[in-house]
J.: 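Quick one: the structure is below, and I'll ask about it shortly.
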Amino acid sequence: MLDIRLIRAEPEKVKEALAKRREDPALIDELLSIDEERRKRQTEMESLRAEQNKLGPQIAVAKKSGGDASEILERSSALKAQFQQTEEIVRSLDARQEAILFKLPNLPHDTVQAGGEEDATIIRPWPYDPRVFGFTPKPHWEIAESLRMIDFERGVKLSGGGFVLYSGLGARLERALINFMLDLHTLKHGYREVGVPYVLNRDSMTASGHIVKFTPEMYHDSEDDLFLLPTAEPALVNIHRDELMDPNPLPLKYVAYTPCWRREAGAAGKDTRGLQRIHQFDKVEIFRFVAPESSYEALEEMTHEVCKTLELLQLPYRILQLAAGDISFASAKTYDVEVWSPGIGKWLEVSSASNCTDFQARRGNIRFRRETNAKPEFPHLLNASGTALPRVVAALLETHQQEDGSVTIPEALRPHLGGLEKLTA
RNA sequence: GGAGAGAUGGCUGAGUGGUCGAAAGCGGCGGUUUGCUAAACCGUUGUAGGCGUUAAACCCUACCUCGGGUUCGAAUCCCGAUCUCUCCGCCA
């Protein structure tokens, strides 16, 4: 949620920022006129109430002394009627204002370029030469099937298209990667591991900005109005929802492994082969609550932590800075990290690191104090995948495949596989 | 799933339909005393909105889980929801 005071103070700046995201700036004018009227009516309402409040003790005194209070009672009743009338107006203005505020996305940072998906810029290429193959590298689904690691057909049988059955070394590799990533972020990067619920209620999804209008992307249980996580991010955002943290608790750093579910509505047939786009996938998510002045520094650090993960797995990657029109609803600045998948000859997105500034903190009423009795402030919230597994598995199989059909396991991963050096049939 | 009990400030815990943002204690902060620490004593200590300010203060309004209702007036009475606890049932 944007700060209404900021919108009041610098409407033109806000409009420009929204335009950069390809949002309609006309909403701001509407918002401002509602806001002005609302405040006027609110002042009116409050002074009526104040006047009525003053009569209260007079009635009490009059009644106690056995006097006639009927005239005061009448005046009080009249004030009440006026009050109620004004209150109704204020209430509807409030609701309209809030509805607009909740629909407005975060403002992109000054360093974020205008444009859409096609306007992303590559800001850091892989620092080493990609592997040169002496043979034609196979796509990961062929490798995974011949090593009996992933059973695509049975996944479909169990749940439908877009679901897979990990088996044998496939299941074990998945588990090893989860442990590798959790260990890296907890032991080396200082995150606290948390195990979160895999379904969240509507309030939580609203605070994180995952529910705006329609939500065709999430699996939803209508019986209990619960949503399956599309990512661990909303769960982590809501850990401190409606809390006033005291004193100086920041930075807070959390890491969580969770499965993630995405309906991928509207994406049918698009890059769906193998592990590129599946409805349920494993992911390790890193998350921070930080003081406002250090959030952009934190974003760079988190991006480095993501890269570290890929470097240890010896996977070539690149970093993209997304354009304003392509960043998520709550984000002010986002980097995507992509790994190279030589078998299919594509860059695959395995992480997205975002600085959501105070946007989610406002929606979720998450506040902190720098010291006892200091004024409450909104922290900045950041999230990054560290990383999403299926595409990492795809890139890993394709990158480290050998001509004999086996796959060499990167050094860093071996301790998590009982010292295994190679995946073989 | 069934039955009952409860929800008050950072915490514990009072509270009569009227002057209650709410006693008291603890904690926090500031101070006095003290060689230091502790103790003691004094003071202070919620959040949000509106207005205002360089920044404050002052002022007004709201908030005793949440949402409705009764009333001139609700922490207090009524209804609903949520959550917590206890008992029963079921169960990994």
Side-chain angles (χ1 to χ4, degrees), chain A residues 1-10 31-102 195 197-207 221-227 238-250 252 259 292-293 358-379:
Chain A
M1 189 156 63
L2 299 180
D3 185 358
I4 185 67
R5 291 159 190 268
L6 174 73
I7 299 174
R8 253 182 241 155
E10 303 185 81
L31 187 63
L32 284 173
S33 77
I34 292 171
D35 179 57
E36 199 185 335
E37 176 73 5
R38 194 206 94 233
R39 282 181 294 151
K40 198 180 114 197
R41 295 296 193 160
Q42 185 177 324
T43 307
E44 207 175 305
M45 175 184 87
E46 285 176 358
S47 45
L48 285 167
R49 178 60 99 188
E51 212 176 319
Q52 194 192 355
N53 282 345
K54 277 182 204 147
L55 296 180
Q58 293 182 31
I59 294 169
V61 169
K63 286 206 164 170
K64 234 170 230 171
S65 63
D68 180 21
S70 61
E71 195 209 324
I72 309 174
L73 281 175
E74 220 168 278
R75 269 166 56 203
S76 189
S77 293
L79 285 170
K80 185 193 178 186
Q82 281 185 65
F83 168 83
Q84 283 176 329
Q85 222 172 349
T86 317
E87 188 191 28
E88 192 136 332
I89 296 168
V90 170
R91 213 183 276 211
S92 86
L93 288 168
D94 248 340
R96 281 172 61 196
Q97 174 164 341
E98 183 157 288
I100 295 176
L101 273 177
F102 264 86
Y198 296 164
V199 289
L200 294 184
N201 60 33
R202 186 170 287 272
D203 284 348
S204 294
M205 285 298 186
T206 304
D221 161 38
S222 57
E223 196 139 46
D224 294 313
D225 200 23
L226 293 172
F227 297 83
N238 282 279
I239 290 176
H240 296 291
R241 172 155 58 83
D242 292 320
E243 286 182 23
L244 176 49
M245 298 182 275
D246 184 43
N248 195 32
L250 307 180
L252 287 168
E293 65 275 11
D358 61 355
F359 189 83
Q360 293 170 321
R362 264 175 216 291
R363 291 187 149 229
N365 191 29
I366 301 161
R367 294 170 302 162
F368 77 102
R369 287 189 225 257
R370 292 183 192 260
E371 48 197 277
T372 322
N373 296 338
K375 213 178 165 144
E377 296 176 56
F378 292 110

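Treat the numbers as computed from the prediction; the structure is a model and nothing was measured. Residue numbering restarts at 1 for every chain, and letters A, B, ... go by the order of the sequence lines.
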J.: For a quick test of reading the model: is some side-chain N or O of A/R49 closer than 4.0 Å to OP1 or OP2 of B/rC63?
T.: no
J.: Whole angstroms only, please: what is the CZ-C1' distance between A/R367 and B/rG10?
T.: 13 Å
J.: Taking only side-chain nitrogens and oxygens of A/N53, does any of them come within less than 4.0 Å of OP1 or OP2 of B/rC60?
T.: no
J.: Taking a pair as Watson-Crick or G-U wobble with both distances under 3.5 Å, which nucleotide is matched to B/rU34?
T.: none
J.: Using the C1' atom as the reference point in each nucleotide, state the distance between B/rG18 and B/rA74 in Å, no decimals.
T.: 10 Å
J.: Check every strand shown and say whether A/R41 touches a base, only sugar-phosphate, or nothing at a heavy-atom separation below 4.0 Å.
T.: nothing
J.: Could you report the tightest heavy-atom contact between A/L252 and A/M245, atom names first, then the distance?
T.: CD1-SD, 3.6 Å
J.: Determine which nucleotide pairs with B/rC59, using a 3.5 Å limit on both distances of a Watson-Crick or G-U wobble pair.
T.: B/rG50
J.: In whole angstrom, what separates A/R369's CZ from B/rU45's C1'?
T.: 10 Å
J.: Please give the distance between the C1' atoms of B/rG25 and B/rG15 as a whole number of Å.
T.: 16 Å
J.: Using whole Å, what does the distance between atom P of nucleotide B/rU82 and atom CG of A/L226 come to?
T.: 13 Å
J.: When rounded to the nearest Å, what value does the distance between C1' atoms of B/rU70 and B/rC78 take?
T.: 7 Å
J.: Just the rounded figure in Å: distance from C1' of B/rU61 to CG of A/L79.
T.: 15 Å
J.: Using the P atom as the point on both nucleotides, what is the distance between B/rC79 and B/rA24, in whole Å?
T.: 33 Å
J.: Round to a whole Å and report the spacing from CG of A/N365 to P of B/rC63.
T.: 18 Å
J.: Expressed in angstrom and rounded to an integer, what is the separation of A/R370 atom CZ from B/rC29 atom P?
T.: 19 Å
J.: Quick check: on RNA chain B, is the nucleotide nearest A/E51 upstream (toward 5') of the one nearest A/E46, or the reverse? Name the residue that is more 5'.
T.: A/E46
J.: Using the P atom on both, measure B/rG6 against B/rG80 and round to a whole Å.
T.: 15 Å
J.: For A/Q42 and A/E46, test the side chains for any donor-to-acceptor distance below 3.5 angstrom and give the result as yes or no.
T.: yes
J.: In Å and rounded to the nearest 0.5 Å, what is the CG to CZ distance from A/D3 to A/F378?
T.: 7.5 Å
J.: Which nucleotide, if any, forms a Watson-Crick or G-U wobble pair with B/rU86, using both distances under 3.5 Å?
T.: B/rA3
J.: Only pairs with both distances under 3.5 Å count, Watson-Crick or wobble alike; so what is the partner of B/rU71 in this structure?
T.: none
J.: Just compare B/rC72, B/rG49, B/rU47 and give me whichever is closest to any side-chain atom of A/L244.
T.: B/rU47
J.: When the distance from CD1 of A/I4 to P of B/rC51 is rounded to whole Å, what number comes out?
T.: 11 Å
J.: Where do A/I4 and A/L101 come nearest, in terms of heavy atoms and distance?
T.: CB-CD1, 4.5 Å
J.: Using atom P of each nucleotide, how far apart are B/rC58 and B/rU44 to the nearest Å?
T.: 14 Å
J.: Between A/V199 and A/D221, is any pair of side-chain heavy atoms under 4.5 Å apart?
T.: no
J.: Kindly indicate, with the supporting measurements, whether the criterion side-chain contact (heavy atoms from CB on, under 4.5 Å) is fulfilled by A/E243 and A/I366.
T.: CA-CA 5 Å; A/E243 286 182 23; A/I366 301 161; 5.8 Å; no
J.: With a 4.0 Å cut-off on heavy atoms, is A/R362 in touch with a base, just the backbone sugar-phosphate, or nothing at all?
T.: nothing
J.: What distance, rounded to whole Å, do you find between the two P atoms, one in B/rU76 and one in B/rC85?
T.: 25 Å
J.: Nearest heavy atom decides the nucleotide; on that basis, is A/P376 or A/R39 closer to the 5' end of RNA chain B?
T.: A/P376
J.: Choosing from B/rU61, B/rG50, B/rC72, which nucleotide comes nearest the side chain of A/A50?
T.: B/rU61
J.: What is the pairing partner of B/rA14, taking Watson-Crick or G-U wobble pairs with both distances under 3.5 Å in any strand?
T.: none
J.: Go through the steps for A/Q360 and A/R363 under the test side chain to side chain donor-acceptor pair (under 3.5 Å), then give the verdict.
T.: CA-CA 5 Å; A/Q360 293 170 321; A/R363 291 187 149 229; over 6 Å; no
J.: Indicate, with a heavy-atom threshold strictly under 4.0 Å, whether A/S47 touches base, sugar-phosphate, or nothing.
T.: nothing
J.: Say we look at B/rG30 and B/rU82: how far apart would their P atoms be, to the nearest angstrom?
T.: 45 Å
J.: Nearest to the side chain of A/T43, which nucleotide is it out of B/rG50, B/rC72, B/rU61?
T.: B/rG50
J.: What's the CD-C1' distance between A/E243 and B/rU65, to the nearest Å?
T.: 16 Å
J.: Can you give me the closest heavy-atom contact between A/L93 and A/R41, atom names plus distance?
T.: CD1-CG, 4.1 Å
J.: Across all strands, who's sitting opposite B/rU44 as a Watson-Crick or G-U wobble pair, both distances under 3.5 Å?
T.: B/rG28
J.: Counting the atoms with a prime plus P, OP1 and OP2 as sugar-phosphate, which does A/R202 contact under 4.0 Å by heavy atoms, base, sugar-phosphate, or nothing?
T.: nothing
J.: Counting only side-chain nitrogens and oxygens, does A/R8 get under 4.0 Å of the OP1 or OP2 atom of B/rG50?
T.: yes
J.: Counting only Watson-Crick pairs (N1-N3 plus N6-O4 or O6-N4) and G-U wobbles (N1-O2, O6-N3), all under 3.5 Å, who is the partner of B/rC66?
T.: B/rG80
